[in-house]
Asker: 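Before we start, here is the structure in question, set down as structure tokens.
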Amino acid sequence: MELQTVPEKLAALRALMRERGVAAYVVMSADPHMSEYLPAYWQVRLWLTGFTGSVGTLVITDTFAGLWVDGRYWVQAEKELAGTGFVLHKLTADEGSTHIAWLAQHLAYDAVVAVDGRALSIAQYQALEQALASKRAQLDTAQDLLTPLWQTRPALPLEPVYEMAAGINSFSRADKIAAIRAQLHERGIAHHLVSSVDDIAWILNCRGSDVECNPVFLAHLY
């Protein structure tokens with residue numbers, strides 16, 4: 001049966017966390033491309049909390065559930081989170097106001113902190129790992145705890161990718177790839193992986209519609 005209310009989803013998530021030995025679960029507002037605008041598949045924070053703002057980070061434990069957002073969303077979040085079991089944490093310029101600082105302060109020693117590594121940047125991973133080291137906490141990036149609960153989770157988009165018409169771009173795809181290879185050779189780099197969808201669209205002179213109101217397509221370029 002599809003979970004309907006935020007308290008139902010939160011209770012089901014906590015039950016799954018206990019089953020898998022996860023003390024804290026972190027949910028990022030991101031996808032594998034660190035995009036600003038997310039396909040419906042990656043709008044997990046919206047599904048779990050009902051908060052409709054464009055960004056925010058969640059931390060869930062067995063006794064706590066919090067949403068971290070900056071000042072643009074404080075009034076909105078307080079209103080939309082009422083009665084859900086999630087509480088607002090006001091994110092400011094103070095490093096002590098972050099979800100990472102909260103975890104470092106409140107985690108038990110040797111706890112397991114899980115996060116879907118597909119939606120975690122290298123910088124975010126390193127910051128979490130460093131903060132959790134003092135508690136000897138284990139960071140598990142292989143856990144996707146929401147897909148088993150979100151039975152109607154949308155599929156990833158598969159819209160057509162098309163090449164731009166000749167004459168629109170000053171440089172051809174071959175020109176751009178050659179320039180990148182020249183930089184790789186100059187710097188002694190053998191391989192380069194690009195995951196940002198706007199960069200990939202520019203390099204390949206291609207466009208798509210995988211993300212609403214954005215002329216990009218989901219891809220990684222090697």
Side-chain angles (χ1 to χ4, degrees), residues 25-49 51-58 68-70 72-73 91 98-100 114-130 139-147 150 152-222:
Y25 192 56
V26 180
V27 178
M28 312 298 296
S29 293
D31 67 358
H33 313 277
M34 298 297 115
S35 303
E36 182 178 1
Y37 302 100
L38 303 179
Y41 177 91
W42 287 107
Q43 294 180 18
V44 291
R45 172 191 38 77
L46 172 61
W47 176 81
L48 183 58
T49 68
F51 171 65
T52 59
S54 61
V55 69
T57 302
L58 306 177
W68 275 257
V69 289
D70 62 40
R72 294 172 294 171
Y73 303 105
L91 186 61
T98 67
H99 70 284
I100 294 177
V115 58
D116 189 342
R118 296 174 297 170
L120 192 68
S121 71
I122 293 174
Q124 291 164 343
Y125 174 85
Q126 292 171 337
L128 269 172
E129 189 177 46
Q130 182 178 356
L139 183 57
D140 184 349
T141 59
Q143 294 271 19
D144 171 14
L145 299 182
L146 295 183
T147 295
W150 190 357
T152 58
R153 186 171 187 172
L156 286 170
L158 292 171
E159 297 301 319
V161 178
Y162 60 90
E163 188 170 12
M164 299 178 70
I168 294 178
N169 296 283
S170 299
F171 298 97
S172 69
R173 177 166 57 241
D175 291 336
K176 294 175 180 179
I177 291 174
I180 293 169
R181 284 179 170 149
Q183 286 293 313
L184 294 178
H185 179 74
E186 181 179 322
R187 299 168 189 235
I189 298 171
H191 314 279
H192 186 45
L193 177 67
V194 184
S195 292
S196 52
V197 291
D198 50 347
D199 289 331
I200 294 171
W202 178 83
I203 293 168
L204 299 181
N205 287 346
C206 289
R207 297 294 186 264
S209 56
D210 281 343
V211 181
E212 187 177 4
C213 300
N214 286 264
V216 297
F217 48 94
L218 303 186
H220 298 276
L221 178 64
Y222 177 73

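Worth saying up front: this structure is predicted, and the values here are computed from it rather than measured. Index from 1, following the sequence.
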Asker: Given side-chain contact (heavy atoms from CB on, under 4.5 Å), test Leu58 with Tyr25 step by step and report yes or no.
Answerer: CA-CA 8 Å; Leu58 306 177; Tyr25 192 56; over 6 Å; no
Asker: Any chance you could lay out the side-chain contact (heavy atoms from CB on, under 4.5 Å) test for Gln143 and Asp140, step after step, and finish with the verdict?
Answerer: CA-CA 7 Å; Gln143 294 271 19; Asp140 184 349; 3.1 Å; yes
Asker: Can you say whether the rings of Tyr222 and His191 are parallel (under 30°), tilted (30 to 60°) or perpendicular (over 60°)?
Answerer: parallel
Asker: Is the number of heavy atoms from other residues, nucleotides or ligands under 6.0 Å of Gln130 CD greater than 12?
Answerer: no
Asker: Does Arg153 use its side chain to pair, donor to acceptor, with the backbone of Ala40 at less than 3.5 Å?
Answerer: no
Asker: Taking the basic N atoms (NZ, or NE/NH1/NH2) and the acidic carboxylate oxygens, is any pair closer than 4.0 Å for Arg118 and Asp144?
Answerer: yes
Asker: If I take atom CG from residue Leu146 and atom CG from residue Leu48, how far apart are they, to the nearest 0.5 angstrom?
Answerer: 6.0 Å
Asker: Any donor and acceptor pair, going by atom type alone, linking the side chain of Asn169 with main-chain N or O of Phe171 inside 3.5 Å?
Answerer: no
Asker: For residues Ile100 and Ala127, report the shortest heavy-atom separation together with the two atoms involved.
Answerer: CD1-CB, 3.7 Å
Asker: Quick check: does any side chain N or O of Ser121 sit under 3.5 Å from a backbone N or O of Gln124, one acting as donor and the other as acceptor?
Answerer: yes
Asker: Return yes if a side-chain donor-acceptor contact under 3.5 Å exists between Ser54 and Tyr73, otherwise no.
Answerer: yes
Asker: Mind listing the closest non-hydrogen atom pair of Ser35 and Val197 along with its distance?
Answerer: OG-CG2, 3.8 Å
Asker: With rounding to the nearest 0.5 Å, note down the distance linking CG in Leu218 to OH in Tyr41.
Answerer: 11.5 Å
Asker: From Thr141 OG1 over to Asp116 CG, what is the distance, rounded to the nearest 0.5 angstrom?
Answerer: 8.5 Å
Asker: Which heavy atom of Val211 sits nearest to which heavy atom of Pro39, and what is that distance?
Answerer: CG2-CG, 4.2 Å
Asker: For the side chain of His192 and the backbone of Leu184, is there at least one donor-acceptor N/O pair under 3.5 Å apart?
Answerer: no
Asker: With side-chain contact (heavy atoms from CB on, under 4.5 Å) as the criterion, how do Val27 and Thr57 come out once you've worked through the C-alpha distance, each side chain's angles and the decisive distance to 0.1 Å?
Answerer: CA-CA 6 Å; Val27 178; Thr57 302; over 6 Å; no
Asker: Could you work out, with side chain to side chain contact (heavy atoms under 4.5 Å, CB included) as the rule, every residue matching Tyr162, not counting sequence neighbours?
Answerer: Arg207
Asker: Within the side chain of Ser196, is there an N or O that forms a donor-acceptor pair under 3.5 Å with the backbone of Asp198?
Answerer: no
Asker: Does atom CG (Leu193) have a neighbourhood of more than 12 heavy atoms from anything else shown, all under 6.0 Å?
Answerer: yes
Asker: Could you note down all residue pairs passing salt bridge (Lys or Arg N to Asp or Glu O under 4.0 Å) where residues 173-193 supplies at least one of them, sequence neighbours left out?
Answerer: Glu163-Arg173
Asker: Strictly by side-chain hydrogen bond (donor to acceptor under 3.5 Å, both in side chains), give each pair with a member in residues 209-220 just once, sequence neighbours left out.
Answerer: Ser195-His220
